[in-house]
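Notes to accompany the following structure.
Order of listing sets the numbers, starting from 1, for every ligand and every atom in it.
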Amino acid sequence: MSKDASRADTRTVVSGATRMTPSEAFVETLVANGVTEMFGIMGSAFMDAMDIFAPAGIRLIPVVHEQGAGHMADGYSRVSGRHGVVIGQNGPGISNCVTSIAAAYWAHSPVVIVTPQTGTNSIGLGGFQEADQLPMFQEFTKYQGHVTNPARMAEFTGRCFDRALSEMGPTQLNIPRDYFYGEITCEIPKPSRLERGAGGENSLNEAAELLAKAKFPVIISGGGVVMADAVEECKALAERLGAPVVNSYLHNDSFPASHPLWCGPLGYQGSKAAMKLISQADVVVALGSRLGPFGTLPQHGMDYWPQNAKIIQIDADNKMLGLVKKISVGICGDAKAAAVALLARLQDRELACDASKAARAQKVADEKAAWEKELDEWTHERDPFSLDMIEEAKGETPFSGGEYLHPRQVLRELEKAMPEDVMVSTDIGNINSISNSYLRFEKPRSFFAAMSYGNCGYAFPTIIGAKCAAPHRPAISYAGDGAWAMSMMETLTCVRENIPVTAVVFHNRQWGAEKKNQVDFYNRRFVAGELENPSFAEIARSMGAEGITVDRLEDVGPALKKAIDMQMNEGKTTILEIMCTRELGDPFRRDALSKPVRLLDKYKDYV
Ligand SMILES: Cc1ncc(C[n+]2csc(CCOP(=O)(O)OP(=O)(O)O)c2C)c(N)n1
Ligand SMILES: [Mg+2]
């Protein structure tokens, strides 16, 4: 028998009611759902099932810390559209995953977390590694399947996989560890995949009427466009309307950057062109977007949300319609099907905006050109603190020699050196946020930012997971030095498991994003913000990866290209450490802070 034939046999699922063990029922259901990789750390709790992962064609990728496994599953699912699967030891192995499952929840990732639990014969007795594992994830899962009887193992497993995709978010499969053992008769459920429609006829008709009368329609292309594989349909709708398309916050891959109607992202450190254009809209189509509150905050001193525009919101989750922004029409539907349905209604109709198509196209081109020019000239930050830090850096030499670089210039050079078909993940931090202006993509499932949960330490494990799902694509993560140190131990996973990626670390010796708040609101009283680190390139080398320290602007692009070459052609992971000044761009949440008030005399100077 050929190798392929034996693999095909392995991946064939037993059919009909069959005598098996619960471990076999669990593993067969994983196979039925197409699982080929899982992330986690081994443990006695699920060893009986783990023992047959390999013959079932499933690779369990061992990580350094279970939080990393959760992020890897998230990245894996975001790039592939398939489930990401995490597993760990009951108790601590599972509680280690809480942050990453929360992050996956807010990234709308179909992650299944398998949580073996204390055995039923000792639940409640305070034994070893005991924890009530359902409340931990309650807030961050779309469904929690608790196996109440070993005979129902396949049923609950299958439902967790179904619900993760139908609700686009993490689900939890909780299994008392003694329930892996025994003998049962069961059938392996066939995966059920929800077919979504375009939305209700009335709401689609109403939306088409608004669009037919619109003079300056603008489309927001959201995460739902990526998830529904709807870029082509979004493009067709935009072209019919001649409408500028802006990306929703952190969904820069939801519309191709080379398209004439693309304007860049809204939100924190987004595109001024996008903001100026949407501020003129009389009708906005939010296609596949929940219009999250953080994504439309004022930026660059502009409160750009068009208060008087009619908003058409399309989301697959009805609970998102009108939740954050006041809307005129809400369509509960699939982004792809809805875009097709709207286009069909507008295709052969005369539209109010037809007459101004050329003029609007010119406006889009002009705004984009102006923003590019501004970015080119924006070589460093110009606020008083940043100017002080730039001055300070002139008198210092990094440990590597060379000089400290301006983050914006570094980001521009990285942008220019990006390989084709790249996947990029970004972390939470000041320089990472600024990178939003410089990350452009041609195809969906290419950009994996830490979404609304906003945890530092997200980007690196996430790109490792993405690389597992798409080994043929170049994979790059961005992180600040603080966030990097939280996650860098997963370099060992890259080396040990042969998963080559490129990690860019912006080494500015501080928890910069939070220090920015101390600059703006606390009179530069810095508390716990400084990070005097050793060389991260050197640490990387000691872990068996490559390490490059960059301290000259002209080296940024070549260093990235070299790292990508080593990733794609030699299977090597490289940590690219870029020495940056301490200058800081605009803060995250100016809206959420206020100047300190002190009532006690002894603190009166702290204002
Ligand atoms: C897990 C976690 N802890 C703390 C924070 C708060 N926080 C947000 S940004 C930031 C600073 C990030 O510093 P760094 O990674 O060095 O990037 P920089 O801002 O310096 O570019 C911190 C501490 C967070 N978002 N997540
Ligand atoms: Mg930093």
**Asked** Does D520 reach the side chain of R590, with side-chain heavy atoms less than 4.5 Å apart?
**Response** yes

**Prompt:** Going by the angle between their ring planes, with limits at 30° and 60°, are Y458 and H71 parallel, tilted or perpendicular?
**Reply:** perpendicular

**Message:** Closer than 4.0 Å to some heavy atom of G454 - which atoms of ligand 1 meet that?
**Reply:** 24 (C), 25 (N), 26 (N)

**Asked** For E415, what residues pass the salt bridge (Lys or Arg N to Asp or Glu O under 4.0 Å) criterion, not counting sequence neighbours?
**Response** R412, R440

**Request:** Could you label the plane-to-plane angle of the F140 and Y105 rings as parallel, tilted or perpendicular, counting under 30° as parallel and over 60° as perpendicular?
**Result:** perpendicular

**Item:** Interatomic distance, L405 atom CG to N508 atom CG [nearest 0.5 angstrom]
**Value:** 11.5 Å

**Request:** Could you tell me whether N430 and ligand 1 have an N or O pair separated by under 3.5 Å?
**Result:** yes

**Message:** Is it the case that ligand 1 has an N or O less than 3.5 angstrom from some N or O of D481?
**Reply:** yes

**Message:** Can you see whether Y404 has R509 sitting over its ring - NZ or CZ less than 6.0 Å from the centre and within 45° of the normal?
**Reply:** yes

**Message:** If you measure every N or O of Q510 against every N or O of ligand 1, does any of those distances drop under 3.5 Å?
**Reply:** yes

**Asked** Any idea how Y76 and F39 line up, ring-wise: parallel (<30°), tilted (30 to 60°), or perpendicular (>60°)?
**Response** perpendicular

**Prompt:** Which option out of C456, G429, G480 puts a heavy atom nearest to atom 24 (C) of ligand 1?
**Reply:** C456

**Asked** Where is the tightest heavy-atom contact between P474 and E420, given as atom of each residue plus distance?
**Response** CG-O, 3.7 Å

**Complete:** One finds that the ligand 1 atoms under 4.0 Å from a non-hydrogen atom of I428 are 8 (C), 9 (S), 12 (C), 25 (N)

**Message:** Which residue and atom name correspond to the protein heavy atom nearest atom 15 (O) of ligand 1, and how close is it?
**Reply:** A483 N, 2.8 Å

**Item:** Distance from atom 7 (N) of ligand 1 to nearest protein heavy atom, with residue and atom
**Value:** E514 OE2, 3.3 Å

**Message:** Any heavy atom of M486 closer to ligand 1 than 4.0 angstrom?
**Reply:** yes

**Message:** Need the ligand 1 atom indices (1-based, order shown) with element for anything under 4.0 Å from a heavy-atom of G512.
**Reply:** 13 (O), 18 (P), 19 (O), 20 (O)

**Message:** With a 6.0 Å cut-off on the ring centroids, do H406 and W378 count as close?
**Reply:** no

**Prompt:** What heavy-atom pair brings E377 and R382 nearest, and what distance separates the two atoms?
**Reply:** O-NH2, 3.0 Å

**Prompt:** Tell me: protein heavy atom nearest atom 9 (S) of ligand 1, and distance?
**Reply:** A513 CB, 3.5 Å

**Asked** Numbering the atoms of ligand 1 from 1, which are under 4.0 Å from a heavy atom of I431?
**Response** 21 (O)

**Item:** Any side-chain donor near an acceptor of the partner, Q129 and Q89, under 3.5 Å
**Value:** yes

**Prompt:** Starting from atom 14 (P) of ligand 1, which protein heavy atom do you reach first, and at what distance in Å?
**Reply:** G482 N, 3.6 Å

**Item:** Y304 six-ring centre to K276 NZ/CZ under 6.0 Å and within 45° of normal
**Value:** no

**Request:** Kindly indicate whether the side chain of M136, heavy atoms from C-beta on, has any atom under 4.5 Å from the side chain of S95.
**Result:** yes

**Message:** Keeping to distances under 2.8 Å, can you name the protein N/O/S atoms close to the Mg ion (ligand 2)?
**Reply:** D481 OD1, N508 OD1, Q510 O

**Prompt:** Would you say F588 has any N or O atom under 3.5 Å from an N or O of ligand 1, going by distance alone?
**Reply:** no

**Request:** Note the single closest protein heavy atom to atom 23 (C) of ligand 1, along with its residue, its atom name and the distance in Å.
**Result:** W511 CE3, 3.4 Å

**Request:** Would you name the heavy atoms of A545 and I575 that are closest together and state the gap between them?
**Result:** CB-CD1, 4.5 Å

**Message:** Does only the side chain of N508 get under 4.0 Å from ligand 1, or the backbone, or both, or neither? Count heavy atoms.
**Reply:** side chain

**Message:** Evaluate N455 for polar contact with ligand 1, using N/O atom pairs at a separation under 3.5 Å.
**Reply:** no

